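Working notes for the structure below.
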Amino acid sequence: MDYVIASTYNNYIEAHLAMGNLQSESINCWLKDENTVTIDPILTNAVGGIKLMVAQPQIGRALDILKNTKKEYQQQHPCPHCGSTNVEYVSTPKKASNWLGTLINLLLGIGAPLPVDKVHHCFDCGYEYEAQ
Ligand SMILES: [Zn+2]
């Protein structure tokens, strides 16, 4: 059977939550590059994150489920500034977390990549706020 990438994740917990959601709907799926990311988080960006692979015939339904899950999440976490649900849980700063930045860090001996904060970002007013 052919598998296609439904989504990618930078952390183990999000990837497993998504996979659990799909599996509870009888979607045939698995995580690719999970071990690489878990054993060595520095490599996460180099391999492009953990990939959620879904059986090709089920990809349409899988994407619908992921979209609905996201919508539910957004409705539960509206922007406290303007009330919009057009929000996303993002890593910041994004620019410092690309693989080239990580590589330069390593080469220069600075050590671990910069810690990445996870915040909610509102796309309507630009407000950023801590996860509850
Ligand atoms: Zn807002």
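None of the values given here were measured: they were computed from a predicted structure. Quick note: residue numbers are just sequence positions, from 1.
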Original post:
For residues 6-18, which residue pairs qualify under salt bridge (charged side-chain N to carboxylate O under 4.0 Å, His left out), counting only residues two or more places apart or in two chains?
Top reply: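 Passing the test, one end in residues 6-18: Glu14-Lys118.
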Original post:
Does any donor atom in the side chain of Glu34 or His16 lie under 3.5 Å from an acceptor atom in the other side chain?
Top reply: yes
Original post:
Between the side chains of His121 and Glu128, does any donor sit under 3.5 Å from an acceptor?
Top reply: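 Glu128 and His121 do have a side-chain donor-acceptor pair below 3.5 Å.
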**OP:** Identify, with sequence neighbours excluded, every residue that meets side chain to side chain contact (heavy atoms under 4.5 Å, CB included) alongside Gln75.
**Re:**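 Result, side chain to side chain contact (heavy atoms under 4.5 Å, CB included) vs Gln75: Lys71, Thr85.
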Original post:
What residues form a side chain to side chain contact (heavy atoms under 4.5 Å, CB included) with Asn86, not counting sequence neighbours?
Top reply: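 Side chain to side chain contact (heavy atoms under 4.5 Å, CB included) list for Asn86, sorted by chain: Ser84, Phe123, Asp124.
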Subject >> For Tyr127, ring-ring contact (aromatic ring centres under 6.0 Å, His included) partners two or more places apart >> reply: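 In terms of ring-ring contact (aromatic ring centres under 6.0 Å, His included), with neighbours along the sequence ignored, Tyr127 is linked to His81, Tyr129.
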**OP:** Dump the intermediate steps for side-chain contact (heavy atoms from CB on, under 4.5 Å) on Val54 and Leu22, then the final yes or no.
**Re:** CA-CA 9 Å; Val54 170; Leu22 294 189; 3.8 Å; yes
Original post:
Run the side-chain contact (heavy atoms from CB on, under 4.5 Å) check on His120 and His77 step by step: do they pass?
Top reply: CA-CA 9 Å; His120 288 96; His77 300 81; 4.1 Å; yes
Original post:
Rounded to the nearest 0.5 Å, how far apart are CG of Asn68 and NZ of Lys70?
Top reply: 11.5 Å
Original post:
When rounded to the nearest 0.5 angstrom, what distance separates OG1 in Thr8 from NZ in Lys32?
Top reply: 12.0 Å
Subject >> Which atom of Pro78 lies closest to which atom of Gly83, heavy atoms considered >> reply: CB-O, 3.9 Å
Subject >> Minimum heavy-atom distance between Leu52 and Ala18, given as atom pair plus value >> reply: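 So the minimum-distance heavy-atom pair works out to CD2-CB, 4.0 Å.
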Original post:
With ILVMFWY side chains joined below 4.5 Å, transitively, what does Trp30's cluster contain besides itself?
Top reply: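 Traced through the cluster, Trp30 reaches Met1, Tyr3, Ile5, Met53.
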**OP:** Could you give me the CA-CA distance, side-chain angles and deciding distance for Lys51 and Leu31, then say whether side-chain contact (heavy atoms from CB on, under 4.5 Å) is met?
**Re:** CA-CA 6 Å; Lys51 296 164 194 75; Leu31 298 175; over 6 Å; no
Return a table of donor-acceptor pairs under 3.5 angstrom between the side chains of residues 59-67 and protein atoms on other chains or two or more places apart.
| from | atom 1 | to | atom 2 | distance (Å) |
| --- | --- | --- | --- | --- |
| Arg61 | NH2 | Glu25 | O | 3.2 |

